[in-house]
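Structure record follows, encoded as structure tokens.
We use all heavy atoms of the structure for the numbers below, so side chains are in, but hydrogens, waters and symmetry mates are not.
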Amino acid sequence: MAPHLKLNAVAFISPHNHPILIRTFSGQDGNAIKYHYIAHTSLDVIEERVNTAGKAVECYLGLLYAMEGVAVYGYITPLKVKIIVALALSDSVVRDAEISMIFKAFHMAYYSAISNPFLRLDSYSDTTSDHSPYLLVGNAKWKSFRQKVDEIGRVVSNASNTNT
């Protein structure tokens, strides 16, 4: 990892644009609403890129935009789950390969969580609501997914701290 990467937040958004999980790593609880806003505003940019690219869209969408000292990057899985990463802006060059590796780690954490045959993805009712699989992310059964996301955040932060 490059010494200049500082992960501020990560957001997982369902194919129907409902938040699955939004985790902040900045250490300030007051910034949580800021990263919710950033995640939701990123959806417009992601939809625009996906629609203009047609069927040949690559998973890694690159830099979506930069605002308020944050660079926002996007990734869309083959199942249309969107992963949004907010990094602190820096003066140094950020390589796409580094960001892509972070996204792949988050994608694998999500994939392994939903691949658990013992994890029930539907909500308590048997309705076919489009966001029902994602309502229970706060549930204790999703604890390992939240822990993996936190671990990836720590690894990115520690790798950038040890290289400085």
Just wondering, do [Y] and [X] contact through their side chains at under 4.5 Å, heavy atoms?
X	Y	answer
Leu87	Leu7	yes
Val10	Ile102	no
Pro15	Val81	yes

If I compare all heavy atoms of [X] with all of [Y], which pair ends up nearest, and what's the gap?
X	Y	result
Phe25	Val149	CZ-O, 3.7 Å
Ile13	Ile20	C-CD1, 3.8 Å
Glu58	Leu61	O-CD2, 3.6 Å
Tyr60	Asp96	OH-OD1, 2.9 Å
Leu89	Ala71	CD2-CB, 3.6 Å

Requested in this report: Give the cluster check for Ile99 versus Leu63: same hydrophobic cluster or not, with ILVMFWY residues linked at side-chain heavy-atom distances below 4.5 Å.
Outcome: yes
Report task. Would you please say whether a donor-acceptor pair under 3.5 Å links the side chains of Ser42 and Tyr65? Result ->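 Short answer, yes.
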Query raised in the report: What do the steps show when you test Arg95 against Met101 for side-chain contact (heavy atoms from CB on, under 4.5 Å), and what is the final call?
Result: CA-CA 10 Å; Arg95 296 187 332 219; Met101 290 301 292; over 6 Å; no
Query raised in the report: How many angstroms lie between atom NZ of Lys143 and atom CG of Asp150, to the nearest 0.5 angstrom?
Result: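 Rounded to the nearest 0.5 Å, the NZ-CG separation comes to 11.5 Å.
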Requested in this report: Quick one: pull up CD1 in Ile76 and CD1 in Ile84 and give me the separation to the nearest 0.5 Å.
Outcome: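 So the gap between those two atoms works out to 9.5 Å.
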Who passes side-chain contact (heavy atoms from CB on, under 4.5 Å) against [X], sequence neighbours left out?
X	answer
His36	Ile22
Asp44	none
Tyr37	Thr41, Met67
Glu151	Arg154, Val155

Requested in this report: Output all residues satisfying ring pair (Phe, Tyr, Trp, His ring centres under 6.0 Å) with Tyr35, sequence neighbours left out; order by chain, then residue number.
Outcome: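 With neighbours one apart ignored, the set is empty.
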Query raised in the report: Tyr73: what forms a ring pair (Phe, Tyr, Trp, His ring centres under 6.0 Å) with it, not counting sequence neighbours?
Result: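 Not a single residue meets the ring pair (Phe, Tyr, Trp, His ring centres under 6.0 Å) criterion with Tyr73.
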Query raised in the report: According to the interplanar angle, ranging from 0 to 90°, do the rings of His107 and Tyr111 count as parallel (below 30°), tilted (30 to 60°) or perpendicular (above 60°)?
Result: perpendicular
Report task. Name the orientation class of the two ring planes belonging to Tyr110 and Phe145 (parallel below 30°, tilted from 30 to 60°, perpendicular beyond 60°). Result -> perpendicular
Report task. Show your reasoning for whether side-chain contact (heavy atoms from CB on, under 4.5 Å) applies to Lys82 and Asn17. Result -> CA-CA 8 Å; Lys82 297 142 192 102; Asn17 295 336; 3.1 Å; yes
**Report entry** Stepwise side-chain contact (heavy atoms from CB on, under 4.5 Å) test for Val70 and Ile38
**Finding:** CA-CA 9 Å; Val70 177; Ile38 286 172; 4.3 Å; yes
Requested in this report: Determine, stepwise, if the pair Thr24 / Lys34 fulfils side-chain contact (heavy atoms from CB on, under 4.5 Å).
Outcome: CA-CA 10 Å; Thr24 60; Lys34 172 184 174 181; over 6 Å; no
